[in-house]
4 protein chains.
Amino acid sequence: MGGAGETRRARSDKQRNRTHILEVAEEYFTEQGVSGSMDAIARRAGVGPGTLYRHFPNREALLAALLRARDEELVSRRTAIERDVADPVTALEQWLEALGEYVTAFDGLPEPLRAALSEDTSPLVIACEGFITVTDHFLVAAQRAGGAHHWIRARDLFLSVLSTAWARSAVLADETSADALRAIVRSGWATAGNGAGRTGDGVSATRLPPTGRGAAPL
Amino acid sequence: MGGAGETRRARSDKQRNRTHILEVAEEYFTEQGVSGSMDAIARRAGVGPGTLYRHFPNREALLAALLRARDEELVSRRTAIERDVADPVTALEQWLEALGEYVTAFDGLPEPLRAALSEDTSPLVIACEGFITVTDHFLVAAQRAGGAHHWIRARDLFLSVLSTAWARSAVLADETSADALRAIVRSGWATAGNGAGRTGDGVSATRLPPTGRGAAPL
Amino acid sequence: MGGAGETRRARSDKQRNRTHILEVAEEYFTEQGVSGSMDAIARRAGVGPGTLYRHFPNREALLAALLRARDEELVSRRTAIERDVADPVTALEQWLEALGEYVTAFDGLPEPLRAALSEDTSPLVIACEGFITVTDHFLVAAQRAGGAHHWIRARDLFLSVLSTAWARSAVLADETSADALRAIVRSGWATAGNGAGRTGDGVSATRLPPTGRGAAPL
Amino acid sequence: MGGAGETRRARSDKQRNRTHILEVAEEYFTEQGVSGSMDAIARRAGVGPGTLYRHFPNREALLAALLRARDEELVSRRTAIERDVADPVTALEQWLEALGEYVTAFDGLPEPLRAALSEDTSPLVIACEGFITVTDHFLVAAQRAGGAHHWIRARDLFLSVLSTAWARSAVLADETSADALRAIVRSGWATAGNGAGRTGDGVSATRLPPTGRGAAPL
DNA sequence: GATGAATGAGTTTTCATTCAT
DNA sequence: TATGAATGAAAACTCATTCAT
């Protein structure tokens, strides 16, 4: 990927080193999940932990860099959808699907992503914000077409995707459940008609979800 | 620290001790979340770690006991719903709401709960199974009334509740998002009509979710 | 062995209980070696640890009781040897062989046995003393016949047997080594002639070993 | 307790630190025997357990390092013997004596050494292999001179030394027994004549010990 | 006599992170 | 800038033994 594969640290080039660490980390996180040991990554990359930490001051920073490296793919997915899919609802649907896959790149990734949403300092926020922006793009289009509830915001959709991805870890053996979860979310944001072009959505005129906490008298 | 140094604590009533540990654990988990240290709990309870482990051989067992202690509340919620709510859709809705609250008792609780679903040995499974059974009860009623998609299973709903609860940890400051997540799930399982009494549900004739993985051509 | 196999603790008879514990301990030590957990034995025997400790105040006591139960076998070995073997050297040889087997009853048994030799309080000493007495019996006969060095004492021979048994744990896969160890000890105590009836043993006139620590000028 | 609380210990020379740990460990093992607590050693050395484990990943590694530090002494013993002792039997005798002392450096040392012989992974194996090689050197010479049984192998002799050392822990107060044990082993491997130059050794023509397990009809 | 709850020191080991060199 | 040694808190769990009931 980075092209520094064969001779590790041939030049004592900082950039090369960084790239190499990223490659190794990608591999490691893929194998062990995101909570693997930082030390192990440094060791595998053949650098001292200090070097690792110089490039990426903490796990989140490393994760963020890793995700950024994968951004390209997501961007091209987005482009492809925008190019190929006329129906804004289907477009949103496909984008969320792509996002869901992206977010499952490493085992346990949803966790730090969710955490990042609550912090302002995490380097992962930036990534998240990007995702949310694009999601908003698709969402607005779908809402304009009357295919998505108006009370939904991009951030909520992103969280839904995240939490669905999180839940999927529990149902690895049960693809049906995974599908059901996706379907719930899907039919959750979509208006009844589902269809592009259909306009009426009685409920969605408001910006508030139909059943708030207080709405259901317990 | 625990003050149990000098004289051996009189062999107080076992039940008393157990209860005391539970109280302390409840308090501790409420403060620190479910991943707090077991030893710390023992320390706080003024018992040796051995005592803690005698009563609860591992974290899950402790958690399970804690949840069981809260079961009563959930049971009474269930009873109340069955007594007071005629509409099966609203009933299911309220039950899921109750479940969602229950599952947020401690910070980070959804995680071990989800993990338990993939294991057969965890003492938490029993709790989960119970939840799922009751959920099934409500779900079937709602489905009969045409108010819930037929392709949904109780387990899926439980997972939805779990993952929504999980996501909520990220949006503590943002009640609107939390509501939206709930609403998505809610309008995800409910049929368009939403209504009790209304029968037709064109989609739900099948037991499969409308949009499986393969449905969306990526 | 004890005949209390089928209905555990049918009568609440102390003796029965004791016998049952012994059976279980025998089984357990055979499986796990002598350093297995006392608690586990109690658990397996279906009694509280307190009961176990009432009968056998510590591991050594339990071990001693276990060995005593096996004494019979050793005694009969002794009788058989005395009856059947005319040559005192062969007799000693066979007795030591029997002792070596006895002492390997459980994995790790030589260790506490050796330790017991240094303590006066261990209940295992009694067992050891018995062994040593018998060994002395055979040894003296062999020495009288000129077939064993005079500078050897029964206690030394017992220690040799013990240490050979100890070493054998390391050479499980290597029967040749085990044989060699035995042979070393065997040709160590025996006089050159090896034969019963042969008298001359120039060295053995003294009660001191030929090469003491000081003898070899390092 | 270690006094390393306030300021981070200046990154002293790694070698220095390592050496210090070794000194402390040596002292500690000498006092407490080899099964003393690793943490205690770290504490005594004034370093964190992590530092100890960085240098020596486990107890065996530490022990191996400690032994290696003593190797010099053994090597010089060997050199001295080779230089000063003409008679190969005496040479072997003295080498085994030296080995016996070496192996008694710490209380309980024979145990892990024996265990190492059954494993391929232990860092102690290397040490053992070295010992065995040298022993073989002396043994072959003695055998050529007709002063040691041909059925003995170096490994067996090393085990004998080990087990004798093990047994000696029990007879600390009884030097006579210790001497006797040594003498048994000594007269166990040596041929009757004992003498250098003497060639005939009727038994030793074979590579098998005279009394194998089956040889003695029990 | 039996029970089994309580004790609590003790074990090994990991790891994120810092900082002297 | 890279290094990697040092840190040391923490974690989870065990077990021989005691003693109140």
Side-chain angles (χ1 to χ4, degrees), chain A residues 9 12-14 17-18 35-43 46-59 62, chain B residues 1-2 4-5 7-18 21 35-43 45-59, chain C residues 9 12-15 17-18 35-43 46-59, chain D residues 1-2 4-5 7-18 21 35-40 42-43 45-55 57-59:
Chain A
R9 279 168 61 223
S12 183
D13 190 0
K14 183 184 173 184
N17 220 332
R18 198 190 129 100
S35 33
S37 129
M38 294 292 273
D39 266 41
I41 293 171
R43 223 175 307 129
V47 302
T51 307
L52 173 57
Y53 275 89
R54 156 161 296 276
H55 286 290
F56 312 99
N58 52 47
R59 184 184 300 272
L62 178 54
Chain B
M1 219 174 236
T7 48
R8 182 179 291 256
R9 182 171 308 278
R11 137 95 157 241
S12 44
D13 192 23
K14 177 191 174 183
Q15 198 50 45
R16 211 165 236 292
N17 219 331
R18 197 190 130 101
I21 291 177
S35 33
S37 132
M38 293 292 274
D39 270 39
I41 293 172
R43 219 154 36 225
V47 302
T51 306
L52 172 56
Y53 278 92
R54 157 166 285 274
H55 286 287
F56 311 100
N58 50 48
R59 183 185 302 272
Chain C
R9 279 166 62 223
S12 183
D13 189 0
K14 182 185 174 185
Q15 194 52 43
N17 222 332
R18 197 189 129 99
S35 33
S37 129
M38 294 292 273
D39 266 41
I41 293 171
R43 224 175 307 130
V47 302
T51 307
L52 171 58
Y53 276 88
R54 155 162 297 275
H55 287 289
F56 312 100
N58 50 46
R59 183 185 301 272
Chain D
M1 224 174 233
T7 47
R8 181 180 292 259
R9 181 170 310 276
R11 138 96 155 238
S12 44
D13 192 22
K14 177 191 176 184
Q15 199 50 45
R16 211 166 235 293
N17 219 330
R18 197 189 130 100
I21 291 178
S35 31
S37 130
M38 293 291 273
D39 268 40
R43 218 153 39 224
V47 303
T51 306
L52 173 57
Y53 276 90
R54 156 166 285 272
H55 286 288
N58 51 48
R59 184 183 302 272

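Just so it is clear: chains get the letters A, B, ... in the order the sequence lines come, proteins before strands, and each one is counted from 1. The analysis underlying the following values was restricted to heavy atoms, covering all of them including side chains, and did not include hydrogens, waters or symmetry mates. Every value quoted in this text rests on a predicted model; they were computed, and no experiment measured them.
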For this session: Starting at atom CD1 of B/Ile41, determine the distance to atom P of F/dA10, rounded to an integer number of angstrom.
Result: 15 Å

Seminar exercise, completed: Closest heavy-atom pair, D/Ala40 versus D/Ser37, reported as atoms and distance to 0.1 Å, is N-OG, 2.9 Å

Exercise. With both distances under 3.5 angstrom, what nucleotide forms a Watson-Crick or G-U wobble pair with E/dA2?
Worked result: F/dT21

Seminar exercise, completed: Between B/Arg18 and B/His55, the two heavy atoms sitting closest are CG-ND1, 3.6 Å

Seminar exercise, completed: C/Val47 has its side chain closest, among E/dA16, E/dT12, E/dT3, to E/dT3

For this session: Search all heavy atoms of B/Phe56 against all heavy atoms of B/Ile21 and return the closest pair with its distance.
Result: CE1-CG2, 3.7 Å

For this session: Indicate whether OP1 or OP2 belonging to E/dG10 is found under 4.0 Å from a side-chain N or O atom of D/Ser37.
Result: no

For this session: Scan every strand shown for a Watson-Crick or G-U wobble partner of E/dT11, both distances under 3.5 Å, and answer none if you come up empty.
Result: F/dA12

For this session: Between D/Gly50 and D/Met38, name the one whose nearest nucleotide on DNA chain E is closer to the 5' end.
Result: D/Met38

Exercise. Considering only F/dT14, E/dA6, F/dT1, which nucleotide approaches the side chain of A/Arg54 most closely?
Worked result: F/dT1

For this session: Quick one: label D/Gly36 by what it contacts on the DNA or RNA (base, sugar-phosphate, nothing), any heavy atom closer than 4.0 Å.
Result: nothing

Problem set entry | Spacing of C/Leu52 atom CG relative to E/dG1 atom P, expressed in whole Å | 15 Å

For this session: Name the pairing partner of E/dA16, where a pair is Watson-Crick or G-U wobble with both distances under 3.5 Å, or state none.
Result: F/dT7

For this session: Report yes if a side-chain nitrogen or oxygen of C/Asn17 is closer than 4.0 Å to either non-bridging phosphate oxygen (OP1 or OP2) of E/dA2; otherwise report no.
Result: yes

Exercise. Rounded to whole angstroms, how far apart are CZ on D/Arg43 and P on E/dT12?
Worked result: 11 Å

Exercise. Within this structure, what is the CZ-to-C1' distance between D/Arg18 and F/dG4, rounded to whole angstrom?
Worked result: 15 Å

Exercise. Just how far, in rounded Å, is C1' of F/dA11 from OH of D/Tyr53?
Worked result: 14 Å

Exercise. What nucleotide, of F/dA12, E/dT13, E/dG8, holds the atom closest to the side chain of B/Pro49?
Worked result: E/dG8

For this session: Output yes when at least one side-chain N/O atom of C/His55 is less than 4.0 Å from OP1 or OP2 of E/dG1, else no.
Result: no

Problem set entry | Distance below 4.0 Å between D/Arg59 side-chain N/O and E/dT12 OP1 or OP2 | yes

Exercise. Quick one: on DNA chain F, does B/Asp39 or A/Asp39 contact a more 5' nucleotide (nearest heavy atom)?
Worked result: A/Asp39

Exercise. DNA chain F: B/Ser35 or D/Thr51, which has the more 5' nearest nucleotide?
Worked result: D/Thr51

For this session: Could you say whether D/Ala40 or B/Gly48 is positioned toward the 5' end of DNA chain E, judged by the nucleotide with the nearest heavy atom to each?
Result: B/Gly48

Exercise. Which atom pair, heavy atoms only, marks the closest approach of C/Val47 to C/Leu52?
Worked result: CG2-N, 4.3 Å

